[in-house]
Number of protein chains: 2
Amino acid sequence: MERSTRQRQAIREVMTELNRPLSPTEVLEAARYKVPGLGIATVYRTLKGLVEEGSAVTVELPGEPPRYELAGKKHHHHFHCNQCGKVFELEGCPGDFSFMVPQGFKTEKHEIVLYGRCTDCLN
Amino acid sequence: MERSTRQRQAIREVMTELNRPLSPTEVLEAARYKVPGLGIATVYRTLKGLVEEGSAVTVELPGEPPRYELAGKKHHHHFHCNQCGKVFELEGCPGDFSFMVPQGFKTEKHEIVLYGRCTDCLN
DNA sequence: GACAAGATGATAATGAGTTATCAATATAAA
DNA sequence: TTTATATTGATAACTCATTATCATCTTGTC
């Protein structure tokens with residue numbers, strides 16, 4: 001990640017503008033409006049680089065290949081639309097799950113995923 | 001799933017006895033104590049059959065291939081040990097996540113996964 | 001016990017996602 | 001501009017999980 005290229009700029013822009021976890025394919029499709037010839041390999045390379053330099057993080061959802069979002073956001077969870085497949089960020093968190101944890105277990109992290117329909121799909 | 005075989009019995013037994021979501025490989029390893037020559041193909045075939053007949057369900061966790069648990073349990077979530085990789089069932093659920101959902105979204109389902117160390121790994 | 005059909009195990013094949021390769025191109029420093 | 005080299009895009013190769021294939025073995029009925 002040394003040089004600044006049109007491709008890398010486009011990918012960063014897309015992630016900022018859409019502001020939700022994106023799959024490599026979603027990044028490709030969105031960034032091709034800015035850089036038509038963009039290739040999937042460049043998307044994978046750039047996403048990997050962004051994660052390595054700490055500008056992006058991987059978002060894993062059950063049964064899905066990884067998505068990517070910009071780093072630095074505060075603690076949050078995700079909503080997965082069952083219709084369009086897009087993933088959105090959610091605010092808020094119940095926070096305490098200790099009542100669910102068996103004796104002797106120690107919790108270090110948690111993930112919540114809500115599933116349903118987004119506004120656009122319900123329109 | 002028509003005939004009763006040693007292999008199928010062993011696989012059902014293992015799922016009942018261990019009572020946690022198991023990957024096909026975990027099923028294979030555990031069931032081989034009962035049926036030494038057991039092959040991975042039979043495990044996949046049997047798990048698929050159990051799901052089709054409604055005796056088992058698929059458990060998907062972020063970034064992991066599917067696991068399988070016996071069907072018919074009440075609503076629950078899972079704990080993933082970061083050390084041994086085993087997944088355990090949890091009781092209880094915060095239940096209401098409506099405060100996290102944006103205007104216009106409709107929630108139909110939720111998943112919670114806790115990560116940490118299990119008793120055995122903390123011992 | 002004999003037999004037909006289902007089941008098994010080894011392994012080749014598949015599929016989805018991701019990475020490696022490499023000639024051509026673009027960046028940025030001189 | 002020139003130039004060294006990082007980057008790109010097309011695509012072959014790879015990885016991992018899962019499924020298909022098929023000769024052999026089992027089950028369960030007669």
Would you kindly give the [atom1]-to-[atom2] distance between [X] and [N], to the nearest whole Å?
X      : N       : atom1 : atom2 : value
E64(B) : dT15(D) : CD    : P     : 20 Å
L50(B) : dA7(C)  : CG    : P     : 12 Å
E2(A)  : dT8(D)  : CD    : C1'   : 15 Å
Y44(B) : dT21(D) : OH    : P     : 18 Å
Q7(B)  : dT27(D) : CD    : C1'   : 11 Å

Plane angle bin for H110(B) and H77(B) - parallel if under 30°, tilted between 30 and 60°, otherwise perpendicular: tilted

I'd like to know if R6(A) reaches the base of dA26(C) with its side chain such that a donor and an acceptor end up less than 3.5 angstrom apart. no

Establish whether the base of dT7(D) is bridged to the side chain of R45(A) by a donor-acceptor pair shorter than 3.5 Å. no

Is there a donor-acceptor contact under 3.5 Å linking the side chains of E111(B) and H80(A)? no

One should read off an interatomic distance between F97(A) CZ and T107(A) OG1, to the nearest 0.5 angstrom, of 9.5 Å

Compare the minimum distances between each of dG9(D), dT19(D), dA28(C) and the side chain of K48(B), then state the nucleotide with the smallest one. dT19(D)

Can you work out whether T5(B) or I40(B) has the more 5'-proximal nearest nucleotide on DNA chain C? T5(B)

Any salt bridge linking R12(B) with E53(B)? Criterion: basic side-chain nitrogen under 4.0 Å from a carboxylate oxygen. yes

